[in-house]
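In this text the structure is predicted, and so the values were computed from the model without any measurement.
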Amino acid sequence: EVQLVESGGGSVQAGGSLRLSCAASGFSFDEYAIAWFRQAPGKEREGVSCISSNDGSTYYTGSVKGRFTITAEFAKDTVYLQMNSLQPEDTAVYYCAAKYVAMNWRASPPHAYEYDFWGQGTQVTVSS
C-alpha cells in the first residue's frame, strides 16, 4: 500500500522557519517524483516544489524561490521541504504527492492532476 505521511507543520511568526517531512512507503522511491502542494482557505491547490529522483533536479514556484529548499534522503525514503523567511501568505495546508516518472524525467511545475498518491496534509500557519 502506497503511503505518504507529512509532518513538521506548525505555527510560526513571520520570518521564521519550518521543515516539513514526507515519509514514503509502499513504492520504489527512486522511480517517483515527489512534489509539495499547498492549499489556503478559499484558494486552489498550488504546486510549490518538486524533486526528481532520477537526477535530483528541482523546481520551485516563483513565490517561494530562494526561501524554500526541497531535498530527498533516499536511504529513508523521505523528502523534506525547508521553509525559511516564512510569510503570512505561506499559511496553508501543505501536502506531499508522488507520481511515477520515466527515467529521464526532470523536475517541472507540478500540477495536482498529474499526481497519483497524496498525504493527509500538514497545517502551516504564519502570523504577522
Side-chain angles (χ1 to χ4, degrees):
E1 179 188 5
V2 173
Q3 276 197 319
L4 297 170
V5 179
E6 302 100 335
S7 61
S11 297
V12 297
Q13 291 192 325
S17 298
L18 285 172
R19 188 178 80 156
L20 305 183
S21 299
C22 173
S25 62
F27 62 93
S28 298
F29 195 68
D30 58 356
E31 295 180 337
Y32 281 74
I34 305 293
W36 286 97
F37 292 81
R38 65 185 180 186
Q39 189 164 21
K43 294 190 176 181
E44 291 187 356
R45 193 165 294 191
E46 173 190 23
V48 174
S49 180
C50 67
I51 186 166
S52 167
S53 55
N54 293 330
D55 61 3
S57 58
T58 57
Y59 166 85
Y60 301 94
T61 193
S63 61
V64 309
K65 202 172 292 185
R67 300 189 297 124
F68 290 11
T69 303
I70 189 170
T71 55
E73 189 171 358
F74 290 101
K76 293 186 176 181
D77 286 351
T78 300
V79 170
Y80 304 97
L81 186 67
Q82 178 66 43
M83 305 186 297
N84 299 328
S85 301
L86 283 162
Q87 299 301 316
E89 51 266 34
D90 295 316
T91 296
V93 178
Y94 284 70
Y95 300 89
C96 68
K99 68 171 183 177
Y100 177 80
V101 293
M103 288 185 64
N104 60 351
W105 187 86
R106 289 185 56 82
S108 60
H111 302 288
Y113 67 86
E114 297 174 327
Y115 285 76
D116 303 308
F117 306 107
W118 292 82
Q120 81 288 353
T122 185
Q123 177 70 46
V124 171
T125 302
V126 185
S127 58
S128 57

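- No donor-acceptor pair under 3.5 Å is formed between the side chain of T122 and the backbone N or O of S7.
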Extract all donor-acceptor atom pairs below 3.5 Å that involve side chains of residues 78-86 and protein atoms in other chains or at least two apart in sequence.
unit_1 : atom_1 : unit_2 : atom_2 : d
T78    : OG1    : K76    : O      : 2.8
Y80    : OH     : E73    : OE1    : 2.9
Q82    : NE2    : N84    : OD1    : 2.9
N84    : OD1    : S17    : OG     : 2.9

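- No single ILVMFWY cluster, assembled from side-chain heavy atoms under 4.5 Å apart, contains both V5 and F74.
- For the atom pair CG (L20) and CZ (F68), the distance works out to 8.0 Å, reported to the nearest 0.5 Å.
- Residues that satisfy the side chain to side chain contact (heavy atoms under 4.5 Å, CB included) test with Q87, not counting sequence neighbours, are A14, R67, E89, D90.
- Distance alone, capped at 3.5 Å, is enough to place a donor-acceptor pair between the E6 side chain and the G121 backbone.
- In terms of heavy-atom proximity, G47 sits nearest to T61 at O-CB, 3.6 Å.
- Here CD of Q120 is found 7.5 Å from SG of C96. Values are rounded to the nearest 0.5 Å.
- With rounding to the nearest 0.5 angstrom, the OH atom of Y32 is 12.0 Å from the CG atom of D77.
- Residue V126 comes nearest to T91 through the heavy atom pair N-OG1, 2.9 Å, listed as atom of the first residue, atom of the second, then distance.
- Grouped with V93 in one hydrophobic cluster are F37, Y95, V101, W105, Y115, W118, the linkage being side-chain heavy-atom contacts under 4.5 Å among Ile, Leu, Val, Met, Phe, Trp and Tyr residues.
- Under the 4.5 Å side-chain contact rule for hydrophobic residues, V64 and Y59 do not share a cluster.
- Residues satisfying the disulfide bond (SG atoms under 2.5 Å apart) test with C50, not counting sequence neighbours, are none.
- One finds the CZ atom of R38 at 13.0 Å from the CZ atom of R45 (value rounded to the nearest 0.5 Å).
- In this structure Q3 satisfies the side-chain hydrogen bond (donor to acceptor under 3.5 Å, both in side chains) test with no other residue, sequence neighbours excluded.
- Among all heavy-atom pairs drawn from G8 and L18, the shortest one is O-CD2, 3.8 Å.
- Listed by first then second residue, pairs satisfying salt bridge (charged side-chain N to carboxylate O under 4.0 Å, His left out) with a partner in residues 92-110 read D55-R106, K99-E114, not counting sequence neighbours.
- Taken to the nearest 0.5 Å, the OG1 atom of T71 stands 12.0 Å off from the CD1 atom of I34.
- Closest heavy-atom contact between F27 and V2: CD2-CG1, 3.5 Å.
- When all heavy atoms of S63 and E46 are compared, the pair lying nearest together is OG-OE2, 4.0 Å.
- Shortest non-hydrogen contact noted between I70 and S49 is CG2-OG, 3.2 Å.
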